[in-house]
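First up is the structure itself, then whatever we jot down about it.
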Amino acid sequence: MMSDVYIAGADMIAFGRYPDRAYFQLGAEAALMALDDAGLSIKDMGAVYASSVFNAQSMLGQKMLKEIGQTGVPCINVSNACASGATAVREAFVAIKSGLYDAVIAVGAEQNPRGMLGGAPPFGPPPEGLFGSESMPAVFAEAGMVHAARYGTTVEQFAQVAVKNHHHATMNPKAYYRRETPLEEVLASEIIAEPLTKLMCSANVDGAAAVVLVSERKARELGMGRAVRIRASVLASDPYEPRNPEMFDPNSVTRLAAAQAYEMAGLGPDALDLVELHDCFATAELLHYENLGLCGDGEAGRLIDSGATALGGAIPVNVSGGLLSKGHPIGATGVANIVEIVEHLRGQAGARQVDGARIGLAHVLGFGAAAGVHILEKA
Ligand SMILES: CC(=O)SCCNC(=O)CCNC(=O)[C@H](O)C(C)(C)COP(=O)(O)OP(=O)(O)OC[C@H]1O[C@@H](n2cnc3c(N)ncnc32)[C@H](O)[C@@H]1OP(=O)(O)O
């Protein structure tokens with residue numbers, strides 16, 4: 001029988017600007033933190049899965065091991081746009097599930113470029129038929145406009161995502177932007193791509209995060225007290241569909257991944273206590289409420305208005321501050337979203353703790369396209 005897979009260690013460095021340090025040094029620090037959290041050493045790891053996008057050609061895993069101990073184990077470097085971190089964790093999950101290893105580590109690390117991304121590798125140009133735009137803000141602005149045209153979603157409802165997530169970030173010492181941004185400030189900040197203002201765009205920061213995955217046998221040996229079970233680990237690419245620009249939904253890959261994840265976990269969105277989803281832009285968060293089944297199609301605007309997705313609401317979303325305020329170091333983001341869920345399931349999230357959290361979902365979307373969904377449960 002295949003083993004269940006558990007997270008025994010999880011941690012991340014504070015997201016920010018690290019001009020004097022290399023991406024692999026950031027990754028090494030996060031890896032040591034997660035190993036320490038698990039009570040294990042790099043010598044216990046059967047394999048290393050390392051995720052990066054802008055540093056993807058440069059053997060992140062091997063360079064990281066030079067910092068913390070070269071043990072000769074397989075080192076798998078992955079790059080899958082903004083879903084890279086989830087891809088590393090999913091490959092680590094498959095390795096434990098297969099019975100090949102008892103313990104492995106997945107690490108994401110990135111030093112992001114500054115300014116607007118897109119139109120050049122690794123993002124663009126977009127695959128033929130996807131919108132007409134090459135910049136990431138424009139792509140997600142257009143997706144928001146399509147939603148607004150179909151369902152009457154307002155600019156204020158999109159902006160409220162930024163207000164909420166910046167508020168959450170004030171309670172997260174590892175988030176980069178930790179100050180309140182009232183609605184008027186969000187709406188008044190520089191227009192990047194209508195309806196997105198600067199404060200509705202994810203922050204380009206550096207960062208690293210890591211998780212240690214173990215078999216059930218190893219989890220029992222370490223003690224189940226702090227273990228988190230991975231009930232679903234799913235990665236999807238775009239399903240084929242004839243492209244119709246007016247009907248095009250850039251996030252359909254998330255729907256596919258979510259459906260598979262709910263099936264694997266044997267539960268539905270109603271069972272979730274919290275969600276960390278890919279709010280690369282404020283518009284994206286509302287679209288993903290619907291893509292992940294947190295509400296019906298066209299209801300996302302009303303969901304944010306209701307306060308349900310704020311801390312203290314029925315289904316808190318992006319309590320970490322999200323990519324909008326915690327930051328979006330691309331290759332690290334998918335791992336960091338999982339680290340956030342683990343902290344809540346263990347009751348270690350401090351002021352932003354979601355009370356009584358037992359089941360959480362972490363999601364990322366890589367434009368172009370890949371989506372990763374992990375459903376985690378307190379063991
Ligand atoms: C599928 C996907 O994930 S695609 C997403 C991939 N990622 C992206 O596309 C990145 C999106 N973000 C951007 O393109 C850029 O951040 C932009 C264009 C919005 C802004 O870029 P710039 O004009 O260079 O802004 P810059 O980063 O210098 O910030 C200027 C100031 O604005 C403020 N600011 C910028 N973004 C934010 C934010 N999200 N929250 C709070 N304050 C912010 C800060 O005060 C910042 O100063 P600081 O850097 O000293 O902290």
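We count ligands from 1, going down the list as the structure has it; atoms in each ligand are counted the same way. Every heavy atom of this structure was used, including side-chain atoms; hydrogens, water molecules and symmetry mates were not. Position 1 is the first residue of the sequence; numbering continues from there.
Contact check on Lys174 versus Glu340 returns no salt bridge, with no Lys/Arg side-chain nitrogen under 4.0 Å from an Asp/Glu carboxylate oxygen. The pair Glu216-Lys97 does not meet the salt-bridge criterion, since no charged nitrogen lies less than 4.0 angstrom from a carboxylate oxygen. Of the charged side-chain nitrogens involved, none lies within less than 4.0 Å of a carboxylate oxygen, so that Glu67 and Lys63 do not count as a salt-bridged pair. Of the charged side-chain nitrogens involved, none lies within less than 4.0 Å of a carboxylate oxygen, so that Lys164 and Asp279 do not count as a salt-bridged pair.
Contact annotation: His166 has at least one heavy atom less than 4.0 Å from an atom of ligand 1. At a 4.0 Å cut-off, at least one heavy atom of His328 sits close enough to ligand 1 to count as contact.
Set against the non-hydrogen atoms of Leu365, the atoms of ligand 1 under 4.0 Å away are 1 (C). Using a 4.0 Å cut-off to heavy atoms of His278, the atoms of ligand 1 that qualify are 1 (C), 2 (C), 3 (O). For ligand 1 and Arg17, the ligand atoms under 4.0 Å from any heavy atom of the residue are 49 (O). Listed by number with element, the atoms of ligand 1 under 4.0 Å from a non-hydrogen atom of Tyr177 are 34 (N), 35 (C), 36 (N), 37 (C), 38 (C), 40 (N), 41 (C), 42 (N), 43 (C), 44 (C), 46 (C), 47 (O), 48 (P), 49 (O), 51 (O).
With hydrogens and angles left out, the side-chain atoms of Thr254 and His363 include a donor and acceptor closer than 3.5 Å.
Applying the 6.0 Å contact sphere to CD of Glu263 captures no more than 12 heavy atoms from other residues, nucleotides or ligands.
Of the listed options Asp279, Leu199, Asn165, Ile330, Leu199 places a heavy atom closest to atom 41 (C) of ligand 1. The closest heavy-atom contact to atom 16 (O) of ligand 1, among the options Ser202, Ala203, Cys201, comes from Ser202. If you check each of Asn204, Leu324, Val205, Val53 against atom 13 (C) of ligand 1, the one with the closest non-hydrogen atom is Asn204.
Neither the backbone nor the side chain of Glu190 comes within contact range of ligand 1; no heavy atom lies under 4.0 Å.
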**Request:** Any chance you could lay out the salt bridge (Lys or Arg N to Asp or Glu O under 4.0 Å) test for Arg229 and Asp4, step after step, and finish with the verdict?
**Result:** CA-CA 7 Å; Arg229 182 157 74 104; Asp4 272 343; 3.3 Å; yes

